[in-house]
Amino acid sequence: MEQIEHIREFGGWLNRYTHDSASCHCRMTFSVYLPPQAQTGPVPAVYFLSGLTCTDDNVRVKAGAQRYAAELGLALVMPDTSPRGTDVADDPDRYDLGQGAGFYVNASQAPWAPHYRMFDYVNRELPALLERALPLVPGRRSIMGHSMGGHGALVSALKHPGLYRSVSAFAPVCHPMDCDWGRGCFSAYLGDDQALWQAWDATELIRAGAAPIPLLIDQGTADEFLAAGQLKPEALARACEELGFPLTLRMQPDYDHSYHFIATFIGEHLAYHARALA
């Protein structure tokens with residue numbers, strides 16, 4: 001890890017790092033906020049997965065999360081959303097495929113497979129790296145995300161029982177097999193066999209009997225992507241109701257898809273994770 005930024009915030013430090021990734025086979029960038037409590041001992045970590053077109057920079061600048069993390073004694077880990085570099089496959093004509101749009105899956109199709117292994121990166125490589133190098137409590141992790149990153153957070157928790165103490169999401173892509181964003185990325189990254197897509201779809205994982213973990217989801221009612229059918233929280237809610245899976249879905253009147261929405265409720269989400277990590 002090479003530290004490239006070191007910024008004082010709320011008594012702690014916002015650091016940015018780069019490193020050579022064994023999963024993505026490129027140089028990756030991520031940010032970590034270490035609260036004041038990390039100066040005297042290890043602290044638990046909350047991973048935040050960002051959405052389409054974002055980098056690690058969006059959440060650390062716009063969400064206002066560091067203030068709450070400092071109060072609660074939580075580290076914030078903020079990965080990038082995809083591999084990047086001149087030798088990494090991309091589709092410059094699309095914002096929803098390629099660099100900036102890794103969708104947190106392990107790609108199996110050319111030309112994406114050599115680099116687009118964001119699921120392994122987020123859930124295996126990055127935690128192992130950080131728990132060796134930084135004052136983080138091994139194994140005490142929670143995960144959350146926004147939009148495409150909300151999909152990534154849900155799938156990460158559902159596919160790895162016990163890896164995370166809690167999971168939450170803002171406006172997640174709940175049923176990617178049934179929306180344009182998901183179908184576009186899944187067909188490119190995973191191929192045309194939709195039976196293989198089910199392993200990367202939170203709604204389908206719950207229908208298939210994923211181990212229960214309480215889900216907290218906030219969704220704005222004025223979200224333009226909700227109206228466009230990209231998010232499908234109703235499909236996830238039906239699957240949870242049918243199987244008795246624990247879900248708290250809060251439809252927040254008049255909120256949109258932006259970081260104004262996230263910043264409004266980020267404190268409640270971090271407090272939820274702090275209780276699970278205590």
Side-chain angles (χ1 to χ4, degrees), residues 7 9-17 30-39 41-51 54-81 104 118-119 121-172 213-218 248 259 261-278:
I7 304 168
E9 286 189 339
F10 300 103
W13 290 97
L14 177 64
N15 298 327
R16 204 176 201 185
Y17 303 93
F30 62 90
S31 293
V32 179
Y33 176 70
L34 293 172
Q37 295 85 343
Q39 298 171 31
V43 294
V46 177
Y47 286 68
F48 188 100
L49 307 186
S50 293
C54 291
T55 69
D56 61 303
D57 199 40
N58 296 75
V59 62
R60 70 183 200 146
V61 171
K62 297 178 180 179
Q66 290 92 304
R67 170 190 170 187
Y68 299 104
E71 295 172 356
L72 295 165
L74 300 174
L76 297 176
V77 179
M78 296 159 277
D80 202 349
T81 55
Y104 303 100
M118 287 300 295
F119 184 81
Y121 177 73
V122 166
N123 294 290
R124 298 189 177 115
E125 182 177 0
L126 195 55
L129 175 70
L130 296 185
E131 289 173 10
R132 287 194 306 266
L134 298 178
L136 304 182
V137 182
R140 284 179 63 191
R141 314 177 199 100
S142 292
I143 193 165
M144 63 190 301
H146 170 229
S147 193
M148 177 187 75
H151 143 78
L154 295 176
V155 169
S156 294
L158 293 170
K159 286 174 73 70
H160 278 309
L163 188 63
Y164 300 102
R165 301 285 184 92
S166 54
V167 57
S168 72
F170 294 97
I213 180 173
L215 309 180
L216 171 62
I217 295 175
D218 274 321
T248 300
Y259 269 88
F261 164 55
I262 295 172
T264 302
F265 300 103
I266 191 74
E268 295 177 29
H269 280 241
L270 290 176
Y272 167 79
H273 293 302
R275 290 191 293 271
L277 291 163

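What you see is a predicted model, and the numbers here were worked out from it, not measured in a lab.
Remark: the backbone N or O of Pro42 is not paired with any side-chain donor or acceptor of Gln37 at under 3.5 angstrom. Side-chain N or O atoms of Asn58 include none that pairs as donor or acceptor with a backbone N or O of Cys54 at under 3.5 Å. Between the side chain of Gln66 and the backbone N or O of Leu14 there is no donor-acceptor pair closer than 3.5 Å.
Here the closest non-hydrogen pair linking Gly139 and Arg165 is O-NE, 4.1 Å. The heavy-atom pair separating His151 from Pro172 by the smallest distance is N-CB, 3.8 Å. A pairwise comparison of heavy atoms in Asp56 and Ser31 identifies OD2-OG, 2.6 Å as the closest pair. Between Gly150 and Ala169 the shortest heavy-atom distance is CA-CB, 3.9 Å. For Ala70 against Pro35, the heavy-atom pair with the smallest separation is CA-CB, 4.0 Å. Closest of all the heavy-atom pairs between Gly145 and Ala153 is N-CB, 3.8 Å.
Taking CE from Met118 and CD from Glu125, the interatomic distance works out to 10.0 Å, rounded to the nearest 0.5 Å. Residue Leu76 holds its CG atom at 8.5 Å from CE of Met144, rounded to the nearest 0.5 Å. The distance from the CG atom of Leu49 to the OG1 atom of Thr81 is 10.0 Å, given to the nearest 0.5 Å. In this structure, CZ on Arg141 lies 14.5 Å from NE2 on His273, to the nearest 0.5 angstrom. Taking OG1 of Thr264 as the start and CG of Asp218 as the end, the distance is 10.0 Å to the nearest 0.5 Å. Taken to the nearest 0.5 Å, the OH atom of Tyr33 stands 13.0 Å off from the CZ atom of Arg60.
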* Worked verdict on Phe119 versus Tyr104 for ring pair (Phe, Tyr, Trp, His ring centres under 6.0 Å) -> CA-CA 5 Å; Phe119 184 81; Tyr104 303 100; 9.3 Å; no
* Asked: Yes or no on side-chain contact (heavy atoms from CB on, under 4.5 Å) for Glu71 and Phe10, after CA distance, side-chain angles and deciding distance?
  -> CA-CA 9 Å; Glu71 295 172 356; Phe10 300 103; over 6 Å; no
* Test side-chain contact (heavy atoms from CB on, under 4.5 Å) on Leu129 and Tyr121 and set out the steps. => CA-CA 10 Å; Leu129 175 70; Tyr121 177 73; over 6 Å; no
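Relative ring orientation between Phe48 and Tyr259 is described as tilted, the plane-to-plane angle lying within the 30° to 60° band.
When side chains are defined from C-beta on, Tyr272 counts as touching Ser166, because their heavy atoms get closer than 4.5 Å. In this structure, Arg275 and Leu277 have side chains that are not in contact, with every pair of non-hydrogen atoms separated by 4.5 Å or more. The side-chain heavy atoms of Val32 and Tyr17, taken from C-beta on, include a pair separated by under 4.5 Å. You'll find the side chain of Ile143 stays beyond 4.5 Å of the side chain of Val46, heavy atoms only. Looking at Phe170 and Phe261, their side chains come closer than 4.5 Å, going by heavy atoms from C-beta outward. Using a 4.5 Å cut-off on side-chain heavy atoms (C-beta onward), Asp57 and Arg16 make contact. Proximity of Pro79 to Leu126: side-chain heavy atoms (C-beta onward) are separated by under 4.5 Å at one or more points. Counting heavy atoms from C-beta on, the side chains of Val167 and Ile213 come closer than 4.5 Å.
Looking only at atom types and distance, the side chain of Thr55 has no donor-acceptor partner in the side chain of Asp80 under 3.5 Å away. Under the 3.5 Å distance criterion, with hydrogens and angles disregarded, a donor-acceptor pair is assigned to the side chains of Asn123 and Tyr164.
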